[in-house]
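We use all heavy atoms of the structure for the numbers below, so side chains are in, but hydrogens, waters and symmetry mates are not. Within every chain, numbering begins at 1; the chains are lettered A, B, ... in the order of the sequence lines, protein sequences first and strands thereafter.
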Amino acid sequence: MSQSHSGTEIVSRSNSLVLPSAEKSIEMHRSLLRVRMTEETLATRYTEQEMRTPTHFGTGQEAVAVGVCSALDAGDMVYTHHRSHNHFIARGGSVYELAAELYGRIDGCSLGRGGSVHLTDRDKGFMVSSAILAETVATAVGTALAYAMDGEAKVAVCFFGEGTLDEGAFYEAINFASIRKLPVVFACENNLYATESPLSVRQAPGSDLCDRLRAFKVTSERVDGNDVAAVYDAAVRAVQQARSGGGPVFLECMTYRWREHVGPMFDHDAKRSYRDKAEFDAWVARDPVRRSATRLIEQGVATAAEVEVWAAETKAEIEATVERARQAPWPAVDTLFENA
Amino acid sequence: MSQSHSGTEIVSRSNSLVLPSAEKSIEMHRSLLRVRMTEETLATRYTEQEMRTPTHFGTGQEAVAVGVCSALDAGDMVYTHHRSHNHFIARGGSVYELAAELYGRIDGCSLGRGGSVHLTDRDKGFMVSSAILAETVATAVGTALAYAMDGEAKVAVCFFGEGTLDEGAFYEAINFASIRKLPVVFACENNLYATESPLSVRQAPGSDLCDRLRAFKVTSERVDGNDVAAVYDAAVRAVQQARSGGGPVFLECMTYRWREHVGPMFDHDAKRSYRDKAEFDAWVARDPVRRSATRLIEQGVATAAEVEVWAAETKAEIEATVERARQAPWPAVDTLFENA
Amino acid sequence: MRTLSYAEAISEATVQAMECDPSIFVAGIAVDYPSGIFGTTTEAYKRFGKARVFDTPAMENALTGIAIGAAAVGKRPVIVHPRNDFMFLAFDQLINLAAKWKYMYGGRAGTVPIVVRAVVGRGWGQGATHSQSLQAPLAHFPGLTVLMPTSPHDAKGLMMAALQHDGPVVILEHRSLFGLKGEVPEEPYVVPIGSAEVVRPGTDLTVVATSFMTVEALRAADELAKDDISLEVIDLRSIRPLDEETILASLKKTGRLIVTDTSWEMCGVVSEIAALAAEKGFHDLKAPVRRIALPNCPAPVSQALEDVFYPKASTIAKAALVMLGRTSSSLGEIDLVDDFKGPY
Amino acid sequence: MRTLSYAEAISEATVQAMECDPSIFVAGIAVDYPSGIFGTTTEAYKRFGKARVFDTPAMENALTGIAIGAAAVGKRPVIVHPRNDFMFLAFDQLINLAAKWKYMYGGRAGTVPIVVRAVVGRGWGQGATHSQSLQAPLAHFPGLTVLMPTSPHDAKGLMMAALQHDGPVVILEHRSLFGLKGEVPEEPYVVPIGSAEVVRPGTDLTVVATSFMTVEALRAADELAKDDISLEVIDLRSIRPLDEETILASLKKTGRLIVTDTSWEMCGVVSEIAALAAEKGFHDLKAPVRRIALPNCPAPVSQALEDVFYPKASTIAKAALVMLGRTSSSLGEIDLVDDFKGPY
Ligand SMILES: Cc1ncc(C[n+]2csc(CCOP(=O)(O)OP(=O)(O)O)c2C)c(N)n1
Ligand SMILES: Cc1ncc(C[n+]2csc(CCOP(=O)(O)OP(=O)(O)O)c2C)c(N)n1
Ligand SMILES: [Mg+2]
Ligand SMILES: [Mg+2]
């Protein structure tokens with residue numbers, strides 16, 4: 001592959017990183033656990049064929065969602081794309097409502113109408129996810145425009161994959177945000193693939209996505225997307241710039257998806273050959289959850305035992321929650337036209 | 001205006017320019033005259049209300065069309081946008097067929113079906129113009145793809161205004177051309193306005209369109225679009241790179257439209273206030289046709305008298321041609337469904 | 001009552017609504033130009049300035065998404081396409097997102113009350129890509145309200161209604177109507193969405209028409225009245241939702257139906273109304289329904305071809321005569337003369 | 001005769017056409033994956049390699065323009081949208097350029113023979129933006145040929161026809177059909193564009209169906225046959241051009257018409273056929289036409305709602321019984337069980 005950022009060599013400020021406070025670090029780690037365990041539980045249950053909705057799991061990419069969401073205020077608004085669970089949970093969305101949505105139950109966050117790719121939790125500051133590439137970039141810009149018009153110190157955030165930069169609609173939206181210096185943060189999760197297409201199919205050799213944004217006069221930064229502290233650090237600065245009228249910021253968070261593009265399996269199990277095992281292993285070795293745990297322990301912020309208890313607690317709670325969602329009632333058929 | 005390239009200060013290689021041969025210079029000048037006189041004649045007759053088709057005149061921008069088309073081979077293929085007459089004529093399209101098209105006559109290049117914004121002359125290597133911004137950028141890339149697949153040493157060219165860079169579709173097309181190193185030249189006529197909107201509405205302060213293209217790994221160059229020799233020089237290099245497999249090239253030709261956006265009038269006569277007279281005058285002082293004439297004379301390639309004779313001859317011939325087109329027959333009404 | 005042009009009526013509705021509702025803003029190419037979309041946005045720009053009426057880059061897709069995102073947090077954006085043909089570029093945002101927003105998020109993400117104004121062209125060599133009329137595809141998908149006001153009165157009343165509606169609304173404004181004058185009340189008022197209007201009562205035959213074709217239909221009705229033929233003309237006004245009742249009631253009375261629209265026939269509005277008649281008005285129908293729409297080719301530019309391309313009053317009148325088995329003495333001089341002066 | 005699946009039939013048509021015609025290439029997201037769009041492009045990729053079967057970035061708009069530009073100089077591009085819902089992003093190139101190319105350049109710019117394949121979804125919680133069916137808007141505008149093959153036989157024959165056609169063709173392939181088996185001749189052949197097929201002759205009532213709804217209609221016909229009710233089922237196959245003759249001939253025979261389609265009703269294919277009946281088949285109609293299409297809301301995800309959202313064999317059968325004033329003993333157990341196993 002001729003891309004500049006193939007494997008794991010990432011331009012990152014990790015070395016010079018000012019680490020978050022102990023409290024924040026713990027909070028973020030517990031959020032990482034919640035995101036990871038939710039996704040793992042859902043992936044496991046997904047194979048039971050009871051969640052009937054195409055689902056894009058985010059395992060391996062948790063640090064982006066958690067790092068960025070941890071830098072937001074309650075009044076800010078998050079948009080995202082098809083691979084949306086991480087952002088939903090990191091933003092405080094309910095595991096129960098997410099699971100119920102996947103099961104198609106009335107308790108789903110979208111009342112069973114939306115499925116995995118159409119989540120919402122406005123009250124938590126998570127507007128929507130959507131299944132069409134690049135669609136929510138413009139909507140996030142529109143929300144930021146509204147904030148700017150009203151002089152509100154709020155920020156809109158849009159998460160998306162690097163595949164969104166293949167779509168023209170993206171450039172229209174970021175150009176307008178840049179012209180108007182809108183309070184919006186573009187959080188790109190560059191996981192090197194769009195479905196099974198590597199960067200080399202979609203970008204000229206030597207491409208640098210940050211350069212594209214800079215050409216539109218958008219502040220841009222590449223970050224180690226598997227280091228929650230690094231993402232948080234960059235996000236705090238980005239949100240601060242956006243909120244204070246400094247204009248939009250693009251964060252290119254380098255990360256990797258562990259599972260297949262859509263569905264709960266691992267490539268190897270699904271006999272998919274577009275990524276090689278060595279690449280996969282290198283990225284799993286950079287597991288954002290484990291890295292966060294290791295750092296907590298190394299820094300003396302938490303003990304190994306504590307970290308394990310949190311993980312076990314989270315897992316148990318989520319498994320119970322998902323099971324409860326599975327038992328939630330179906331939408332009544334006579335509500336088919338509700339909200340039509 | 002906060003743009004980097006407002007008025008007439010243009011990054012150009014004019015100083016170090018290697019001038020074309022005497023023969024080429026004369027050929028280009030005569031082409032400039034043909035383009036200019038055609039447009040002037042059409043604009044004058046347009047007010048008679050017999051050409052019933054919305055028309056975007058290209059007066060003032062002739063050097064881009066002539067400079068680029070002069071660098072092409074017969075087998076190359078040109079596409080363009082709504083402001084298309086210059087390119088049609090510079091590419092060797094028939095004045096008679098153009099005028100007949102505007103008059104809605106059967107002898108029109110598109111049989112009176114297309115109007116000013118839908119011209120064609122395939123045999124001359126002018127595929128089509130189209131009225132929707134950015135539409136023909138992708139088609140030019142598609143033609144270049146076909147050439148590349150067949151190993152043909154042909155080049156596709158697309159002319160468009162800087163407004164096309166406001167549309168997302170543009171970035172999809174240039175990205176693909178770049179990935180595949182396709183033989184296509186993107187000839188942007190940056191005339192500082194889209195309809196009546198200045199660059200400041202459409203680009204962040206300090207924007208540089210060449211930078212955008214470079215971020216997609218497309219070779220880019222800004223040229224003095226009112227200097228036919230400078231455009232020709234850049235176009236020769238661009239076409240050479242594209243033809244030899246070096247990938248696409250973007251030429252940003254800085255120029256200015258003299259008349260209103262659509263229609264034959266001058267802003268002042270039409271009581272339009274979006275551009276000021278001083279800006280207009282400064283650009284008219286850089287008249288590409290006069291500059292070409294002056295250079296021919298200064299270099300001793302032609303005498304002032306010769307240049308005047310060419311102009312008079314061209315004018316007379318074109319006026320007669322346009323009048324002949326006016327007298328051409330209408331399409332028969334029973335051919336309404338032809339080519340449907 | 002006071003008379004306004006269609007353009008002035010839209011302008012007045014916009015200004016009055018913006019006065020009451022600070023969440024409304026207007027965005028799109030050229031909305032803050034002195035020419036202000038046929039003068040429809042000029043006054044709003046004068047009153048509210050660039051903060052609420054602003055020009056944008058040509059970015060049909062993003063503009064629509066931006067409107068949706070602003071609407072999602074409480075704004076009421078009005079976006080304008082100087083040609084509705086450009087709106088194809090925004091179909092993803094319009095149909096995949098705006099139209100489905102309320103439903104597919106279970107109502108939990110609220111609604112996105114955007115108003116999309118878009119201009120329909122006709123004639124003067126505007127050609128194949130500047131003269132289409134997109135109501136049919138827009139109305140096909142549940143979730144969008146699609147309006148086509150014909151009179152200045154309805155232009156104001158439906159614009160006001162759109163600006164109070166809780167979901168996305170597309171208003172298609174026919175370019176040939178902007179100069180049309182008519183009585184328009186000064187105070188703010190609403191024409192209910194989803195209501196057609198019998199603009200001319202009659203007994204022999206029902207003509208259901210949209211937008212500029214209503215003008216043509218009325219002209220046909222005037223003409224045929226001279227021969228004691230009585231056409232009932234219904235101005236559809238709202239394509240989606242459709243006012244089935246008004247159409248079916250008229251059919252019950254006349255038993256004969258001509259449908260005419262500014263777009264093509266196949267999967268078009270004319271077919272929708274004809275299908276309604278075949279399904280729910282069947283027992284009232286005395287004769288086959290007749291659809292009058294654009295011929296099956298793109299719009300040509302040449303005036304010679306435009307003349308035969310566009311259906312007009314005489315087309316409707318002749319069809320009515322055939323359907324009624326009647327003849328007329330005077331027919332043939334009733335068509336509108338296009339006196340538009342270029343340049344565009 | 002030999003049996004192939006719908007997916008295999010498309011694959012075979014592609015390979016055979018590519019063998020004869022070196023100008024054909026296939027481009028789009030995932031066409032060169034091992035999974036190759038339900039296996040329809042896998043074999044072509046194996047045979048012809050990346051030079052003629054290649055993956056592209058997600059760029060629906062440009063991809064279409066690129067296909068047009070390649071076609072303009074002699075190529076026959078096949079582009080593929082894994083979901084037809086993504087095609088909204090390409091509507092400008094498809095409708096404003098490809099559809100009008102031949103006409104608006106007076107035939108002097110030649111034709112642009114592109115083939116656009118796009119997949120229609122249904123069920124399994126694919127939801128509002130991955131289960132639409134865009135035939136109606138595409139067919140509304142003159143210039144596009146719109147095909148919806150139902151059987152493996154027609155999938156091959158119409159693909160071959162599309163690859164010889166001189167203008168742009170959109171083929172909508174229903175995801176639920178890819179596994180359907182049927183007899184498919186080995187040698188290359190063409191199913192004529194613009195021809196519907198009577199897939200089951202009958203005398204009591206005509207069902208005109210598209211795509212997967214033909215499968216449902218046939219199932220309904222099987223069931224009603226047990227009660228000696230004879231449905232004639234017409235598989236439309238070609239939406240534009242429309243085979244009016246076959247429909248009107250059937251109507252003449254049965255006098256009763258149900259129309260069913262994979263999309264919505266308003267300005268949809270069901271309305272087009274109903275309008276045809278009201279205009280040209282009126283004197284043969286013995287009863288009101290009945291349209292069976294999607295209910296007026298976006299597609300929900302929950303299985304409980306999907307069950308009532310999608311019209312099916314029983315919906316058609318029940319409508320037929322009502323229209324004929326008949327009852328049936330066995331109805332209710334005839335609907336297809338969706339046995340698809342995730343993940344998607
Ligand atoms: C407009 C559009 N085109 C194509 C698709 C199909 N599609 C779904 S996900 C995907 C890849 C997205 O890749 P990326 O944006 O990098 O996100 P990732 O899946 O890697 O997280 C594609 C092409 C789509 N959803 N929308
Ligand atoms: C998709 C689309 N949006 C809007 C328009 C309306 N429009 C026609 S020309 C024009 C401005 C074009 O400016 P530019 O590309 O700079 O070319 P110029 O007219 O300056 O030569 C616009 C916005 C259009 N034709 N197509
Ligand atoms: Mg990706
Ligand atoms: Mg310009």
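- To the nearest 0.5 Å, atom CE of residue C/Met87 and atom CZ of residue D/Phe91 are 12.5 Å apart.
- Counting heavy-atom pairs under 4.5 Å between each of D/Arg290, D/Lys100, D/Arg291 and chain C puts D/Arg291 at the top.
- Rounding to the nearest 0.5 Å gives a distance of 10.5 Å between NZ of D/Lys286 and CZ of C/Phe282.
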### Message
side-chain contact (heavy atoms from CB on, under 4.5 Å), that's the test. Do D/Asn61 and C/Asn61 meet it? Break it down for me.
### Response
CA-CA 11 Å; D/Asn61 182 315; C/Asn61 183 315; over 6 Å; no
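- Interface remark: C/Leu285 contributes backbone and side-chain atoms alike to the contact with chain D (heavy atom separation under 4.5 Å).
- C/Lys102 does not touch chain D: none of its heavy atoms, backbone or side chain, sits under 4.5 Å away.
- Taking all atoms of both residues into account, the shortest heavy-atom contact from D/Pro142 to C/Cys297 is CG-N, 3.7 Å.
- Ranked by heavy-atom pairs under 4.5 Å with chain D, the first of C/Leu97, C/Leu138, C/Ile95, C/Ile273 is C/Ile95.
- C/Glu279 places no side-chain N or O within donor-acceptor distance of the main-chain N or O of D/Ala274, the cut-off being under 3.5 Å.
- Between the side chain of D/Asn96 and the backbone N or O of C/Asp85 there is at least one donor-acceptor pair closer than 3.5 Å.
- Considering only heavy atoms from C-beta on, C/His283 comes within 4.5 Å of D/Pro288 through its side chain.
- Neither the backbone nor the side chain of C/Ala90 comes within less than 4.5 Å of any heavy atom in chain D.
- Across D/Asn296, D/Leu294, D/Leu134, a single residue satisfies side-chain contact (heavy atoms from CB on, under 4.5 Å) together with C/Phe141, and that is D/Leu134.
- Note on C/Gly127, C/Gly281, C/Ala128: by heavy-atom pairs under 4.5 Å with chain D, the leading option is C/Ala128.
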### Task
Let me see the working for D/Val301 and C/Met104 under side-chain contact (heavy atoms from CB on, under 4.5 Å), right down to the final yes or no.
CA-CA 8 Å; D/Val301 155; C/Met104 94 183 153; over 6 Å; no
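- Neither the backbone nor the side chain of C/Ala277 comes within less than 4.5 Å of any heavy atom of chain D.
- Under the 4.5 Å side-chain criterion, counting only non-hydrogen atoms from C-beta, D/Pro300 is in contact with C/Tyr103.
- The part of C/Gln132 that comes within reach of chain D is its side chain, from C-beta onward, which places non-hydrogen atoms under 4.5 angstrom from that chain.
- The shortest distance between side-chain heavy atoms of D/Ser263 and C/His140 falls below 4.5 Å.
- Put simply, of D/Pro298, D/Ala278, D/Ala299, the one with the most heavy-atom pairs under 4.5 Å next to chain C is D/Pro298.
- Distance alone, capped at 3.5 Å, places no donor-acceptor pair between the C/Asp92 side chain and the D/Phe86 backbone.
- Distance check: C/Leu144 CG to D/Met266 CE gives 11.5 Å after rounding to the nearest 0.5 Å.
- Interatomic distance, SG of D/Cys267 versus CG of C/Asp261, reported as 8.0 Å (0.5 Å rounding).
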